[in-house]
Amino acid sequence: LKVKTSIYIFIGIIVLMAVAIAMAWSYPMLKAKATPLVICSVILVLSAVQLVYEVRGGKKQTSIEDSMTADSAETSIRSYFREFAWAIGFVVSTFLVGFLITIPLFDILYLKSHGAKWRVIVPITVLMTTICWAIFSWLLKADLYPGLIITLLGG
Amino acid sequence: LTLIPVILGLFAGAELIDLAAGGQPIVPLKLALSGKAMRHQINQGMLEVFRHLKLFFRSCIMGYIMGIAPGVGQGAATFIAYAQAKQSCKNPETFGTGRIEGVIAPESCSNAKEGASLLSTIALGLPSGPSLALIMGALLMGGVMPGPLMLRDELKLSFTLFWGLALGNIIGGIGCYFTVGYLNFTKLITMAPRYLVAIILPLCLIGAFIETKDMGNVIVAIVFSVIGLGMKKLGFNRPAMTLGFLMGAYLEQYLWLSLQTQGPFFFLRPVSLAIGVIIIFLYLYGPLKSLLRQRKNKVV
């Protein structure tokens, strides 16, 4: 018997909410427990209704299964991980050397690795760095994060 | 958590990663519209508002009421307008597939809200969002005290602000018509995703950082990009989550206040009861309508 993914998700949500209600119930102060109890109870009831609905096979057009299968075939999970890795790389680089060095570095490496030509990479990189510096550092005086290394070097 | 990194992650970040992973532009270049075709589409789009006048006026009234109520932010107002448009639609499951009602409702609500928010800012001195707080700050710096007395002492200035907002909207609309219709800026959507990532990702992450100057918010934006992408792929409603995020703090604050002042049955007070009945009615309106239609069809 094939069980739909959405059923697992809603069972997971119900269990999570039951745990949250039990935890909130043990809080000593009413002020602390009021909101979690109200919100978690509502979510628990709505998830139970949706679970019944999914088990009975209702609302076919918008079921989670359909939306998952619609585009998962086109794009592999690997490509999502690759793109997230670039985003995380951007954040790590910003931590180390700050925004104004990371932006040109990211643009050059990202575009080059995705097969862009130098005659496109150079203008985009220069434009992006100039725009970010001009708008945030110069006009708005926003003090973009300088990075750990630059700070340690006294920059 | 602050709102901006959450929104940037849930929507911009998730969409950008999804687009980049797919490797295809939003619209292929061969399907991009020419200037003339684009102007035709814009004209058709404007006509759509007149075809949905009921929805337009309903959303405007909602926006106006939410604008007068201090504390309801722009985001909350547009999401509520979207939700009511979806609830009142004959086929709510088609929302999210490019239905024009999903654009008309939040946009008209948003524009109506701005005018009403200006009223509450001037008359009560309570700004409802960052832009109005900025206007209020400018008034205070100019020696004008927003509040009930402003409408008596500075009536001319108050009306200058109201007319400025109204004319600004009209001029902005005309500007958009020409930039999109004649300069055809919409061709940007035919750009390869790698260029969009190189331009938008740094701007998004700077946007997440700049509000509080905290690198933690950049990480929040990345984490919410993962959550947003997961929600998109699993078919969960991201605007609903944003609404929950926006209203969570209010809910906690006012639930406690209500419990303190009126006890556990505060929701049986006349105003609370009326609001509750309206919410339940709006929630059940769509399903009941489709149920009645199904029965009617069976009888026929």
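Naming convention: chains lettered A, B, ... in sequence-line order (proteins, then strands); numbering from 1 in each chain.
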key: Heavy atoms of other groups near Y254(B) OH, more than 12 under 6.0 Å   = no
Extract all donor-acceptor atom pairs below 3.5 Å that involve side chains of residues 85-98 of chain A and protein atoms in other chains or at least two apart in sequence.
from   : atom 1 : to      : atom 2 : distance (Å)
S93(A) : OG     : T102(A) : OG1    : 2.9
T94(A) : OG1    : F90(A)  : O      : 2.6

request  = Indicate the atoms forming the closest heavy-atom contact of F84(A) with I222(B), along with that distance.
outcome  = CE2-O, 4.4 Å
request  = Among L111(A), I39(A), I103(A), single out the residue with the greatest number of heavy-atom pairs under 4.5 Å to chain B.
outcome  = L111(A)
remark   = Of the listed I121(A), L127(A), V38(A), V120(A), the one with the largest count of heavy-atom pairs under 4.5 Å with chain B is V120(A)
inquiry  = For the NZ atom on K117(A), are there more than 12 heavy atoms of other groups (residues, nucleotides or ligands in this structure) within a distance under 6.0 Å?
reply    = no
message = Using heavy-atom distances under 4.5 Å, tell me whether L30(A) contacts chain B through its side chain, its backbone, both, or neither.
response = both
Option in I219(B), L251(B), V226(B), L16(B) with maximal non-hydrogen atom pairs under 4.5 Å from chain A = V226(B)
key: Minimal non-hydrogen separation, A198(B) against F106(A), with atom names   = CA-CE2, 4.2 Å
Non-hydrogen atoms of A21(B) and S79(A) that approach each other most closely = O-OG, 3.6 Å
key: Among Y145(A), F136(A), F81(A), residue most engaged with chain B (heavy-atom pairs, under 4.5 Å)   = Y145(A)
query = Non-hydrogen atoms of chain B under 4.5 Å away: do they reach the side chain of L144(A), the backbone, both or neither?
reply = both
remark   = Turns out that what part of I199(B) lies under 4.5 Å from chain A's heavy atoms comes down to both
query = Looking at R194(B) and A116(A), what are the two nearest heavy atoms and their distance?
reply = NE-CB, 3.8 Å
ask   = If you count the non-hydrogen atoms of other residues, nucleotides and ligands that lie under 6.0 Å from CZ in R99(B), is the total more than 12?
value = yes
task = Given side-chain contact (heavy atoms from CB on, under 4.5 Å), test Y195(B) with H114(A) step by step and report yes or no.
result = CA-CA 9 Å; Y195(B) 302 123; H114(A) 282 73; over 6 Å; no
request  = Considering only heavy atoms, give the residues of residues 200-210 of chain B separated from chain A by less than 4.5 Å, sorted numerically, with 'none' for an empty result.
outcome  = L201(B), P202(B), L203(B), L205(B), I206(B), F209(B), I210(B)
